[in-house]
Asks: 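Below are the structure tokens for one structure; questions will follow.
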Amino acid sequence: MNLAVRDIRYHRGRFILTSVGLGLLLGVVMSMGGIYRGLFADALSISHATRADLWVVQQETSGPFAAISRIPEDIRYRIAAVPGVAEASPLSFQTVQIERRGKPFRFFLVGYDLNGFGGPPTIIAGRGIRQKHYEMVVAQGMKMGLGEKIRLGLHDYTVVGITGKMVSSSGDPAAYVGLADAQEIQFKSNNDAIRNQRERIAARLAGLPTLSPPQTKLLRQNITALTESTHTVNTVVARLAPGANLQEVQERIGRWNHFRAISDGEQTEILTKGMIEKARMQLGLFRIILLVISAVIISLIIYTSTIDKIRTIATLKLIGARNRVIVGLILQQSLLMGVIAYAIGYGVISLTYDRFPRRVELVASDLQSLFVIVIGICTVSSFVGIRKALKVEPAEALGG
Amino acid sequence: MYAVEVERLTKIYGHGETAVTAIADASLQVKPGELVAILGPSGSGKTTLLTSIGLINEPTRGRVILDGTTIADDGWRKGLDLKRVRREKIGFIFQAHNLIPFLTALENVMVALEINGMARREARARATELLEALNLGHRLETYPAFLSGGEAQRVAIARALANRPKVILADEPTAALDTENGKNVMALLKKLAVEHRSAILVVTHDHRMVEGFDRIFDVRDGRIMGER
């Protein structure tokens, strides 16, 4: 006769409530693990989707995600000419926050060369960008429909396609536009600002007595062209030809002294170790704290339940029950509670994980490890009750 | 052969100046099928005598023999499996029935049999038979919380009898019952002692409940003062 199951059957209300409570706690632990994994996935989603071997950025920066990097767009041709590079493509990144339907609407805008790479990895609805201007592909997380328009900078952009779960390292959903559009949105000032800037340059040049009027005019035209140029990008990504030596290509680009060539592996490390390390540690600490809390709660529940059963245990001992019967009663209850709570936690998180504002990635190995940990905690926690139970004297069954 | 033999049993709690003698030089013998009362006021040592016979309290001195097996001879006999002897030779009935609250009446009897190694099907059949014999056939699936005091005590008696022990030790079995139920329980014990050939030792302080006992041992201040 399984006494643990009989006890649970008799006290099923209390047991279910306790298991649900514990299950919700374990659900939080699972979600923490999922958020932790989600941070990685988010941080690397654009980087991995780009499938670049090299990220060429401004020298002495860790751009384009972890630090600001600005390089001329035309550097793409020099990089494409480096021996070992198969193709190079410029990319522009910026975080945009606008007001949409009366609420702040934040997303990560990627500008890419329509003839290059680095654009949306998959199109799950609609089509890719075909026109050079004013079309965009948005991630699912933007919650925009095909044909919907959005005003960015000086123009309206139409959603022509939907891509998957693409987000920035901070979890903002991604949107893709053509490079020229992205540059314009990022660098082009409005007309008032342009007029002001031109006046300021003219005033500065007018103060130089050594320049003749034609020289001043020519100089003004050149300075204006430079300051109003939008042909800047945040990075140029490159793919290597088969058999090319990554390190050699990196060194060759680095020797120009104006650029840093970051390998994809280094970029991954910058994103995971640098940008999300503290968040990762924070979540890790939370998980440990929650597991400790779970252990304390299970111990208390088992201990209290053992105290409730002192007379029963004494009676069992008096009628000759072996210690394993008593140990089984407590240990099996503890394990059953852990297994049921785990199942409840898993059920809750499975039903809700895609409703979290940030990505929650439930990884089978994480869940399996957690299951083993929960079983371990239940076993260890039951020791408190078992210790108490084994100390109970059969004589305690006597008396009124 | 006696079912219970106690020779000069002494139990002392504590040491030195704080030592308290609970039972001193107690001797008695009980035959199979005998119903014996150990009568005495609170604190007289009667429960200590019962628990020493029941392998719960280790005697300080003296000898206890159950069904021909020496279990104590100036302390527990070395190498003796106390739990096994309790399982096989002794049945206990308590003041409060001490039924396991999360087991039904049937399961409360079955558990004693299964603990003693009996297969579930056989245990169920034996437990059902016992409970039906005690007029509890209609309460097999009832939890103790829903049994009356008399019914619960009868289930406890069935549990005590389940393994057909040679000795049944009852500690104030009627204390929680009204007079009528108390008398019914005592009559039942008398009947069972004869039917099962078990020696039944009942500890009580209630003089009203001693009718029908084969013998009565009066205990006072830790000593057996006499036998009626």
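Just so it is clear: chains get the letters A, B, ... in the order the sequence lines come, proteins before strands, and each one is counted from 1.
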Asks: Sub-4.5 Å heavy-atom contacts with chain B: which residues of residues 290-306 of chain A show up?
Replies: none

Asks: At what distance, to the nearest 0.5 angstrom, does CZ of B/Phe102 lie from CD1 of A/Ile8?
Replies: 10.0 Å

Asks: Side chain, backbone, both or neither: which part of B/Glu107 has an atom under 4.5 Å from a heavy atom of chain A?
Replies: both

Asks: Side chain, backbone, both or neither: which part of B/Pro165 has a non-hydrogen atom closer than 4.5 Å to chain A?
Replies: neither

Asks: Counting only heavy atoms from other residues, nucleotides and ligands, does the tally under 6.0 Å from CZ of B/Arg84 exceed 12?
Replies: no

Asks: For atom CZ of A/Arg6, decide whether the heavy atoms of other residues, nucleotides or ligands shown that lie under 6.0 angstrom number more than 12.
Replies: yes

Asks: Is atom NZ of A/Lys388 surrounded by more than 12 heavy atoms (other residues, nucleotides or ligands) closer than 6.0 Å?
Replies: no

Asks: Using a 6.0 Å cut-off, check whether atom NZ of B/Lys166 has over 12 heavy atoms from anything other than its own residue.
Replies: no

Asks: Looking at B/Ile56, B/Leu82, B/Asn57, which one has more heavy-atom pairs under 4.5 Å with chain A than the rest?
Replies: B/Ile56

Asks: Answer yes or no: are there more than 12 heavy-atom neighbours, outside A/Arg358 itself, under 6.0 Å from its atom CZ?
Replies: yes

Asks: Measuring from A/Thr312:OG1 to B/Ile100:CD1, what's the distance to the nearest 0.5 Å?
Replies: 6.0 Å

Asks: Tabulate, in ascending numerical order, the residues of residues 316-338 of chain A having at least one heavy atom closer than 4.5 Å to a heavy atom of chain B, or enter 'none'.
Replies: A/Leu316, A/Lys317, A/Leu318, A/Ile319, A/Gly320, A/Ala321, A/Arg322, A/Asn323, A/Leu329

Asks: Could you check whether atom CG of B/Asp221 has more than 12 heavy atoms from other residues, nucleotides or ligands sitting under 6.0 Å from it?
Replies: no

Asks: In residues 109-127 of chain B, what donor-acceptor pairs under 3.5 Å come from side-chain atoms, sequence neighbours left out?
Replies:
from     : atom 1 : to       : atom 2 : distance (Å)
B/Glu114 : OE1    : A/Met1   : N      : 2.3
B/Asn116 : ND2    : B/Asn163 : OD1    : 3.2
B/Arg126 : NH1    : B/Ala162 : O      : 2.4

Asks: Scan the side chains in residues 18-35 of chain A for donor-acceptor partners under 3.5 Å anywhere in the protein, sequence neighbours excluded, and list what turns up.
Replies:
from    : atom 1 : to      : atom 2 : distance (Å)
A/Thr18 : OG1    : A/Arg14 : O      : 2.6
A/Ser19 : OG     : A/Phe15 : O      : 2.9
A/Ser31 : OG     : A/Val28 : O      : 2.7

Asks: Should we say atom CZ of A/Phe40 is surrounded by more than 12 heavy atoms from elsewhere, each under 6.0 Å from it?
Replies: yes

Asks: Mind checking the CG-CG spacing from A/Asp7 to B/Leu103? Nearest 0.5 Å is all I need.
Replies: 8.5 Å

Asks: Heavy-atom count check: over 12 atoms from other residues, nucleotides or ligands less than 6.0 Å from A/Tyr10 OH?
Replies: yes

Asks: Do B/Pro101 and A/Lys309 have side chains that approach each other closer than 4.5 Å (heavy atoms only, starting at C-beta)?
Replies: no

